Asks: 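Take this structure first; my questions come after.
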Amino acid sequence: MRMVDLIEKKRDGGELSTNEIEFIIRGYTRGEIPDYQMSAFAMAVFFRDMTERERADLTMAMVHSGETVDLSGIAGVKVDKHSTGGVGDTTTLVLAPLVASLGIAVPKMSGRGLGHTGGTIDKLESVPGFNAEIGKERFIELVNRQHVAVIGQTGNVAPADKKLYALRDVTATVNSIPLIASSIMSKKIAAGADAIVLDVKTGAGAFMKSPAEARALAEAMVHIGNNVGRRTMAVLSDMSQPLGRAVGNALEVREAIDTLRGEGPEDLAALCYALGSEMVVVAGEAHSLKGAEELLREAVRSGRALEKFRELIAGQGGDASVVDHPERLPYAAFQSEVLAGEDGVVAEIVADKVGTAAMLLGAGRATKESVIDLSVGVVLRKKVGDRVRRGESLATIHSSASEVGRVREMLLANIRIGERADVPLLIQGIVEASPMAGVVRH
C-alpha cells in the first residue's frame with residue numbers, strides 16, 4: 001500500500017477502504033507519512049468529501065491512534081455533552097450538576113479556553129481550591145459516588161487529530177465537514193461516554209457561521225456517533241449574540257449559580273433545559289422530552305441541582321461556600337458602564353466581538369501560554385430586542401485596570417441600536433440519525 005496511490009484514489013472521487021484509512025492515520029501518527037502527502041490527502045478530502053462509512057472509519061482510526069478512557073468502572077449509562085464553542089457558553093456548569101442530580105452519570109472531560117471562546121476548566125478554577133487535574137481512579141470514584149466530576153482532557157487522546165488539525169490550519173483545509181466532524185467525534189468517543197448530546201452553534205460567535213453549515217456538521221457528527229455505537233443527537237442553537245449575560249470566568253460561575261437557583265437568564269436556562277432533556281432521554285431515564293424537562297425543572301425547584309453543584313465543587317477540593325456566597329469568587333477591581341448613545345432597540349450584539357473584548361481584558365488567551373485573569377469580563381445589561389434609552393447601561397466592564405477605552409469602543413461598535421430588531425431563534429433544530437425508539441419528541 002502506497003500513500004501516493006491513496007491520495008490519487010481520493011482525488012479522483014474513489015471510496016477508501018477501512019484498511020486504507022487505518023494505514024493513512026497509523027502512518028501519519030508514526031511519522032512514516034510526511035506532512036506534504038497528508039496535506040495533499042486533506043485537500044483531496046476537502047474537494048471530494050467522504051462517505052458516512054469513510055467518516056466513521058476516519059474517526060475510529062484517530063480514536064485508536066492514542067489512549068482511550070475506560071469508563072466501564074462507572075455504573076449506568078454515561079452521558080456526555082459537547083458544545084462546538086461560543087461566547088458566554090455556561091451550559092456545562094449548569095448541565096453537569098443538573099443532569100447528575102437525577103442520578104445520571106455525567107463524567108465530563110473539558111478543555112481550557114483559547115481566543116474568544118471560554119473554557120470550562122478555567123471557569124471552574126475560578127472557584128478557590130478547585131482541582132481539575134485529578135487522576136482517573138479518583139475521577140471514576142467521584143462519578144460513582146456523586147454522579148458527576150469534571151477533569152481536564154488527557155494529553156494523549158487522539159494524537160492523530162492533533163497532528164492533522166495543525167496541518168489543516170496551515171493548508172486551508174480546516175473548513176471541511178468530514179475533517180471537522182471526525183476531529184470532534186474522535187475526542188468525544190475516546191473519552192468513553194455511551195451517549196453524546198452535541199450543542200452545535202451557529203452565528204457570529206460560532207465556528208459555523210450559517211445555519212446550513214451548522215446543520216451539515218451536526219448531521220455528520222450524529223451519523224458518525226451512531227455508526228460507531230454511541231447514541232448521539234444534536235441541538236442546533238444560536239450564537240449570533242452571547243448566551244446569557246456574563247462573559248468571563250468567575251462572572252459565568254456566578255451566572256451558573258443563579259441559573260441553578262432558577263434565577264438565571266432566560267436564554268441560558270432554556271438551552272440548558274433543551275440539552276438536558278435530550279441527555280435524560282438518551283440516558284434512558286425518560287421517554288419524552290416533556291417528561292425529561294419536568295424532571296429537570298423539579299430538580300431546580302427543589303434545590304437538588306444546586307446541591308449537586310456544591311458536591312461537584314467540594315469533591316474536587318473547591319470552596320463550596322461560593323454557592324451561597326458568590327462574593328468569595330474572584331472579583332475585578334474596577335467596574336465601568338458602557339452607556340447607550342441613543343434611544344431605540346438593541347438590534348444586534350456581535351458575539352465574537354464581545355468575546356474578543358473580554359479577551360482583551362484578560363478573560364481569555366491569545367495563545368496557549370497566555371495567563372488569564374479569572375475575575376474580569378463583560379456583563380450584558382441588554383440583549384437583542386430589549387428597549388434602551390440614551391444614557392442607559394448596555395454592559396458592565398469588569399477590569400483589573402481603570403482604563404478600558406479600547407474595550408468600551410469595541411463594545412459600542414458591536415452593540416447596535418436601531419428602530420427594530422429581529423430576535424434570533426435560540427433553538428434552531430434537532431438532528432438525529434433516526435428517531436429514537438419509544439421516545440416522544442414533545
Side-chain angles (χ1 to χ4, degrees), residues 83-91 113 115-118 123 199-211 213-214 236-249 251-252 254-256 258-259 264-272 274 332 335-361 363-364 376-399 404-428:
S83 168
T84 56
V87 179
D89 187 359
T90 313
T91 52
H116 71 263
T117 300
K123 296 169 190 179
D199 179 12
V200 182
K201 306 289 192 183
T202 180
F207 183 66
M208 310 307 280
K209 303 300 182 186
S210 75
E213 289 176 323
L236 302 173
S237 68
D238 176 69
M239 188 43 74
S240 60
Q241 64 175 329
L243 182 65
R245 295 182 179 274
V247 183
N249 299 286
L251 296 171
E252 291 185 47
R254 288 188 182 92
E255 188 164 84
D258 288 342
T259 305
E266 288 183 15
D267 57 344
L268 175 59
L271 182 56
C272 286
Q335 291 81 48
S336 55
E337 304 302 319
V338 179
L339 304 179
E342 58 185 311
D343 294 348
V345 175
V346 177
E348 182 182 30
I349 303 177
V350 185
D352 56 339
K353 297 299 183 182
V354 176
T356 300
M359 186 182 75
L360 291 174
L361 292 167
V376 302
V378 175
V379 176
L380 297 172
R381 299 302 177 191
K382 300 289 182 180
K383 298 292 291 282
V384 173
D386 289 347
R387 290 212 155 269
V388 62
R389 293 186 176 278
R390 181 179 180 180
E392 196 174 0
S393 179
L394 296 170
T396 303
I397 299 171
H398 292 248
S399 62
V404 290
R406 183 183 174 194
V407 171
R408 187 189 310 280
E409 289 174 9
M410 180 173 286
L411 292 171
L412 283 170
N414 290 285
I415 302 177
R416 185 170 63 83
I417 298 172
E419 295 181 358
R420 59 181 294 277
D422 294 320
V423 180
L425 183 64
L426 178 64
I427 308 294
Q428 301 192 358

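Bear in mind that the values here come from a model prediction, so they are computed numbers and not experimental data.
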Asks: Any side-chain heavy atom of Gln428 sitting closer than 4.5 Å to one from Asp238?
Replies: yes

Asks: Tell me the closest heavy-atom pair linking Gly377 and Ala358, and the distance in Å.
Replies: CA-CB, 4.4 Å

Asks: Do any N or O atoms from the side chain of Gln241 and from the backbone of Val384 form a donor-acceptor pair under 3.5 angstrom?
Replies: yes

Asks: Near Glu337 CD, under 6.0 Å, is it more than 12 heavy atoms from other residues, nucleotides or ligands?
Replies: yes

Asks: So, for Glu255 and Ala246, which heavy atoms are closest and what is the spacing to 0.1 Å?
Replies: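 Heavy atoms of Glu255 and Ala246 come nearest at OE2-N, 3.1 Å.
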
Asks: Answer yes or no: is there a donor N or O on one side and an acceptor on the other, between the side chain of Asp343 and the main chain of Arg389, under 3.5 Å?
Replies: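 No, the answer is negative, given that no donor and acceptor are paired below the 3.5 Å cut-off.
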
Asks: Kindly write out the residues that satisfy side-chain contact (heavy atoms from CB on, under 4.5 Å) with Asp258, not counting sequence neighbours, or none if the list is empty.
Replies: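 For Asp258 there are no side-chain contact (heavy atoms from CB on, under 4.5 Å) partners, ignoring immediate neighbours.
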
Asks: Okay, side chain of Lys382, backbone of Arg387: is any donor-acceptor separation there less than 3.5 Å?
Replies: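 Indeed, once roles are kept as given, a pair shorter than 3.5 Å links the two residues.
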
Asks: So which atom in Ser237 and which in Asp199 form the shortest heavy-atom distance, rounded to 0.1 Å?
Replies: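 Nearest pair, atom of Ser237 first, then Asp199: OG-OD1, 2.6 Å.
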
Asks: From Glu348 CD over to Asn414 CG, what is the distance, rounded to the nearest 0.5 angstrom?
Replies: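 Separation between the atoms: 7.5 Å.
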
Asks: Is a side-chain N or O of Asp89 found less than 3.5 angstrom from the main chain of Gly85, in a donor-acceptor match?
Replies: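 Pair absent, no side-chain N/O of Asp89 close to backbone of Gly85.
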
Asks: Tell me the closest heavy-atom pair linking Ala421 and Val345, and the distance in Å.
Replies: CB-CG1, 3.7 Å

Asks: Closer than 3.5 angstrom, by distance alone: can the side chain of Thr91 be matched with the main-chain N or O of Cys272 as a donor-acceptor pair?
Replies: no

Asks: Should Arg254 and Leu251 be marked as a side chain to side chain contact (heavy atoms under 4.5 Å, CB included) after you check the CA-CA gap, both sets of side-chain angles, and the distance that decides it?
Replies: CA-CA 5 Å; Arg254 288 188 182 92; Leu251 296 171; 3.7 Å; yes

Asks: Within this structure, what is the CZ-CD distance for the pair Arg390 and Glu342, rounded to the nearest 0.5 Å?
Replies: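 Here the interatomic distance stands at 9.0 Å.
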
Asks: Side chain of Lys123, backbone of Asn249: donor and acceptor closer than 3.5 Å?
Replies: no

Asks: Quick one: do Leu236 and Thr202 satisfy side chain to side chain contact (heavy atoms under 4.5 Å, CB included)? Show the steps, please.
Replies: CA-CA 7 Å; Leu236 302 173; Thr202 180; 5.7 Å; no

Asks: Indicate yes or no: at least one non-hydrogen side-chain atom of Leu394 is less than 4.5 angstrom from one of Leu412.
Replies: yes

Asks: Apply side chain to side chain contact (heavy atoms under 4.5 Å, CB included) to the pair Leu243 and Leu426, showing each step before the final yes or no.
Replies: CA-CA 9 Å; Leu243 182 65; Leu426 178 64; 4.2 Å; yes

Asks: More than 12 heavy atoms of other residues, nucleotides or ligands under 6.0 Å from CD of Glu419: is that the case?
Replies: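 Atom CD in Glu419 is not packed in, count stays at 12 or less.
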
Asks: Show the nearest heavy-atom pair for residues Ser336 and Val404, with the distance to one decimal.
Replies: OG-CG2, 3.5 Å

Asks: What is the distance from atom CD1 of Ile349 to atom CG of Asp386, rounded to the nearest 0.5 Å?
Replies: 7.5 Å

Asks: Evaluate the side chain to side chain contact (heavy atoms under 4.5 Å, CB included) criterion for residues Ile417 and Val388: first the C-alpha distance (whole Å), next the side-chain angles of each, then the deciding distance (0.1 Å), finally the verdict.
Replies: CA-CA 8 Å; Ile417 298 172; Val388 62; 3.8 Å; yes

Asks: Could you check whether any side-chain N or O of Lys383 sits under 3.5 Å from a backbone N or O of Pro242, counting only pairs where one atom can act as donor and the other as acceptor?
Replies: yes

Asks: For the pair Arg245 (side chain) and Gly88 (backbone), establish whether a donor and an acceptor sit closer than 3.5 Å, ignoring hydrogens and angles.
Replies: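 Here the side-chain-to-backbone pair does not exist.
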
Asks: Do Thr259 and Thr90 have side-chain heavy atoms sitting under 4.5 Å apart?
Replies: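 No, their side chains stay 4.5 Å or more apart.
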
Asks: Would you check if Val378 and Val338 make a side-chain contact, meaning some heavy-atom pair closer than 4.5 Å?
Replies: no

Asks: Heavy atoms only: give me the nearest Gly418-Ala347 pair and the separation to one decimal.
Replies: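 Shortest heavy-atom separation between Gly418 and Ala347 comes out as N-CB, 4.1 Å.
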
Asks: Using modelled atom types only, decide if a donor and an acceptor are shared between the side chain of Thr84 and the backbone of Lys201 within a distance under 3.5 Å.
Replies: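 Such a contact is found between Thr84 side chain and Lys201 backbone.
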
